[in-house]
Number of protein chains: 2
Amino acid sequence: MIMGLTKTEHFSKNQNQVAAYAKALGHPARIAILEYLLQKKACICGDLVDELPLAQATVSQHLKELKAVGLIKGEIEGTSVCYCINEKGWEEAKDFLLGLFASPLSDKSCC
Amino acid sequence: MIMGLTKTEHFSKNQNQVAAYAKALGHPARIAILEYLLQKKACICGDLVDELPLAQATVSQHLKELKAVGLIKGEIEGTSVCYCINEKGWEEAKDFLLGLFASPLSDKSCC
DNA sequence: AATATATATCGCAATATTACGATTAATATC
DNA sequence: GATATTAATCGTAATATTGCGATATATATT
């Protein structure tokens, strides 16, 4: 056990996966990026830099995280990179998160 | 702008809210806690300490975050605190996250 | 080859997160 | 009142995250 590092090895694959997708979504800039991609279908890094209130380096970092978790993908086109939603990962993330919210709530009050 | 602090003021209320709920879900221990609560309907801190591979102090911290974002609520009973899902916040989180995933995907390939 | 463009990476700084032992505060029991 | 239980909080340490300027790399254009 190392302080500061999440003890992922003690949780199920499902729990780790739900948490990983959630974590990737846990920043408003990333939500904004995904919304933009959902609307425009595709865009280049520079488009997002113009759109977001963040430096190019920061936008690139956020894109890197979204790409790493599988929510987006990028294709190099000359000097640019064209990003879009990665449909497979997107659907998977949706399934994992929906899975968490799928359990019925109790009709009883707390305690 | 302060380095290390998220620039939330530049994003919409919706984007900030989706991100906040996602961030709260971004740790496997919290997923495990929520799943346990969904299954058992209610439990005390001590139950979770027995269930999770974490120290009592850590469990308490995670509960604090889940409570702060509104996903769970706790009622004091003697020396114990009985936690359960906060139905109102739970449904709201579900709506916000579903809202993100509700947009149709393009049938076009990336670029 | 020189120049321009696009973007990932590096390096740094500030803050947040994660984990845990120790402590504190509130309640319950004897 | 003394003792026990429960859990929030404190303090600390290690790591992660967030932001940005500078830089490196790859491609395009002249």
Side-chain angles (χ1 to χ4, degrees), chain A residues 1-11 15-16 19-20 22-33 42-69 72-84 110-111, chain B residues 1-11 15-16 19-20 22-33 37 42-69 72-84 111:
Chain A
M1 195 286 292
I2 309 177
M3 200 175 301
L5 258 190
T6 300
K7 301 171 71 167
T8 56
E9 67 279 0
H10 293 112
F11 298 97
Q15 288 164 345
N16 281 320
K23 194 168 181 179
L25 296 171
H27 190 292
R30 296 184 198 164
I31 301 298
I33 290 171
C43 73
I44 64 171
C45 178
D47 294 333
L48 291 167
V49 176
D50 293 338
E51 186 78 9
L52 298 172
L54 300 170
Q56 181 270 318
T58 309
V59 172
S60 203
Q61 283 176 332
H62 283 303
L63 287 168
K64 183 174 179 177
E65 292 298 324
L66 288 171
K67 190 175 169 189
V69 81
I72 65 173
K73 58 185 175 184
E75 287 181 13
I76 301 179
E77 302 187 346
T79 60
S80 297
V81 184
C82 181
Y83 288 97
C84 66
C110 192
C111 311
Chain B
M1 193 290 284
I2 310 178
M3 202 177 300
L5 257 189
T6 301
K7 300 168 73 165
T8 56
E9 68 278 359
H10 293 113
F11 297 97
Q15 287 164 343
N16 281 319
K23 195 170 182 179
L25 296 171
H27 189 291
R30 296 184 197 165
I31 302 298
I33 288 170
L37 287 179
C43 72
I44 62 171
C45 181
D47 293 334
L48 290 166
V49 176
D50 293 338
E51 186 77 8
L52 299 171
L54 300 171
Q56 181 270 317
T58 309
V59 172
S60 203
Q61 283 177 334
H62 283 302
L63 287 168
K64 184 174 180 176
E65 293 298 324
L66 288 172
K67 190 175 169 190
V69 81
I72 65 173
K73 58 186 173 181
E75 287 180 13
I76 301 178
E77 301 186 348
T79 60
S80 296
V81 183
C82 182
Y83 288 98
C84 66
C111 311

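Numbers restart at 1 for each chain; the letters A, B, ... are given by sequence-line order, proteins then strands.
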Calculate the interatomic distance between [X] atom [atom1] and [N] atom [atom2]; express it in whole Å.
X        : N       : atom1 : atom2 : answer
His27(B) : dA19(C) : NE2   : P     : 3 Å
Glu65(A) : dA16(D) : CD    : P     : 11 Å
Leu25(A) : dT17(D) : CG    : P     : 14 Å
Leu5(B)  : dA13(C) : CG    : C1'   : 12 Å
Gln61(A) : dT23(D) : CD    : C1'   : 14 Å
Ile31(A) : dT18(D) : CD1   : C1'   : 16 Å
Lys64(B) : dT17(C) : NZ    : P     : 12 Å

Would you indicate what [X] reaches in the nucleic acid, counting non-hydrogen atoms under 4.0 angstrom: base, sugar-phosphate, or nothing?
X        : value
Ser80(B) : sugar-phosphate
Leu54(A) : sugar-phosphate
Thr58(B) : base
Thr6(A)  : sugar-phosphate

Check whether any side-chain heavy atom of [X] lies under 4.5 Å from a side-chain heavy atom of [Y], and answer yes or no.
X        : Y        : answer
His62(A) : His27(A) : yes
Glu75(A) : Val81(A) : no
Ile44(B) : Tyr83(B) : no
Lys64(B) : Ser60(B) : no
Pro28(A) : Asn16(B) : yes

- Straight-line distance of Ser80(A) OG to Asp47(A) CG, nearest 0.5 Å: 8.5 Å
- With nearest nucleotides of DNA chain D determined for Ile2(B) and Gly4(A) from heavy-atom distances, which residue corresponds to the more 5′ nucleotide? Gly4(A)
Nearest to the [X] side chain among [options], which nucleotide is it?
X        : options                  : value
Ala55(A) : dG21(D), dA8(C), dT15(C) : dG21(D)
His62(A) : dA8(C), dT18(D), dC20(D) : dT18(D)
Cys45(A) : dT18(D), dA19(C), dT7(C) : dT7(C)

- Query: Are any of Tyr83(A)'s side-chain N or O atoms less than 4.0 Å away from OP1 or OP2 of dA8(C)?
  - Reply: yes
- Side-chain N or O of Lys7(A) less than 4.0 angstrom from OP1 or OP2 on dC20(C)? yes
- Query: Once you build an axis from the first five pairs and another from the last five of the helix from dA1(C)-dT30(D) to dC30(C)-dG1(D), how far apart in angle are they, to 10 degrees?
  - Reply: 20°
- Note on the structure: Walking DNA chain C from its 5' end, the first of Gly26(B) and Gly46(A) to be reached, judged by nearest nucleotide, is Gly46(A)
- Upstream residue (5' side of DNA chain C) when Lys23(A) and Met3(B) are each assigned their closest nucleotide: Met3(B)
- Query: Within the side chain of Lys67(B), is there an N or O that forms a donor-acceptor pair under 3.5 Å with the backbone of Gly74(B)?
  - Reply: no
Protein N or O to nucleotides 22-28 of chain C N or O, pairs below 3.5 Å:
none

